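A short write-up of the structure that comes next.
Because the structure is predicted, anything quoted here is derived from the model rather than measured. Just the heavy atoms: all of them, side chains too, but no hydrogens, waters or symmetry mates, feed the values below. Counting starts at 1 for both ligands and their atoms, in listed order.
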Amino acid sequence: MNILLIGCGKMGGAMLRQWVKDGGNSFTVADPVKPDLPASVRHVSKATSLSGAEFDVILIAIKPQMIAEVLPDYAFALKPDGCFVSIAAGCSVASISAIVGDRAIVRVMPNLAAMVGLGVSGLFANARCSAEQTADVTAWIAQTGTCVPVDSEDRIDRLTAISGSGPGYVFEMLRSYVAAAMDLGFDEATSRALVFDTITGTVEAARQSDETLEDLRNSVTSKNGTTQAGLEQLMRDGQLHALLNDTVHAAYDRAVALK
Ligand SMILES: NC(=O)c1ccc[n+]([C@@H]2O[C@H](COP(=O)([O-])OP(=O)(O)OC[C@H]3O[C@@H](n4cnc5c(N)ncnc54)[C@H](OP(=O)(O)O)[C@@H]3O)[C@@H](O)[C@H]2O)c1
């Protein structure tokens, strides 16, 4: 596919690096200031540098509040049977249709782990997308990690609250866990290694197991042992469960309010 990225900042840039590594498609980046780009990627600083309907896909990777101003300039560059793909948070398919008309539009909610090829994205394709277009875009997004197709935009908002905002939650949990390790006397480098590797290993063990998470937790918790002593604090009064529940509901409510 011949693909135009409008905007190549943190998220667009992270995804582009994976796509270029995997090969197969050609990329043009439109961004007023030339970002640091792989040699194979063409750069334009404005829409007038493009010559006609060149692209199979236009990826909208600018801040949501800029879309109404910037997208109209680039819409002409999409082939008649091409597809707009938006990663803009809180920007509905209807709001993009209002700018570009009744076209094939895919809304994707990625997360920042795309920068290491371990992203999680939700994908919603409108009724104008053919099955082939949806399959092509799904496979393309999956080059940055897991891609979960959903059948409504509300599902995108819900998924935003779990995986879209997830890296923020996890960075904060890591920060607290590392700080606790340092409080027990380890230096920062050792604390980071202990925490990061414990989490990576535990996630992989859970992924490879058929047991429930509760059974796995119980299997590493001996009666009156150290894990039990720690868990009694972590699970005190159901606070952790309530906190995570409040966290994702607050993010979902915000996603709905932003639309
Ligand atoms: N970051 C995340 O974790 C994340 C997660 C999910 C979805 N998203 C979505 O991804 C989109 C981009 O977010 P981001 O974090 O990557 O923002 P960002 O780092 O600010 O990237 C936006 C890019 O667009 C460029 N730009 C500004 N005006 C432009 C124009 N007229 N034409 C073309 N490009 C222009 C910016 O250039 P300047 O810097 O020079 O202004 C910047 O390089 C947003 O819609 C956001 O909702 C982000």
Worksheet item: Looking at Asp157 and Arg107, does any basic side-chain N land under 4.0 Å from a carboxylate oxygen?
Response: yes
Fill in: Validation row: Val20, Ser40 side chains within 4.5 angstrom (heavy atoms)
yes
Worksheet item: Is the closest side-chain heavy-atom distance between Trp140 and Asp22 below 4.5 Å?
Response: no
Worksheet item: Any idea which heavy atoms bring Val116 and Gln18 closest together, and the distance?
Response: C-NE2, 3.8 Å
Discussion item. Show the nearest heavy-atom pair for residues Tyr252 and Ala161, with the distance to one decimal.
Written reply: N-CB, 3.5 Å
Discussion item. Nearest 0.5 Å, please: how far is SG in Cys8 from CG in Leu16?
Written reply: 5.0 Å
Worksheet, complete the sentence: Counting only non-hydrogen atoms and a 4.0 Å cut-off, the residues near ligand 1 are Ile6, Gly7, Cys8, Gly9, Lys10, Met11, Ala30, Asp31, Pro32, Ala61, Ile62, Lys63, Pro64, Met66, Val70, Ile87, Ala88, Ala89, Met109, Pro110, Leu112
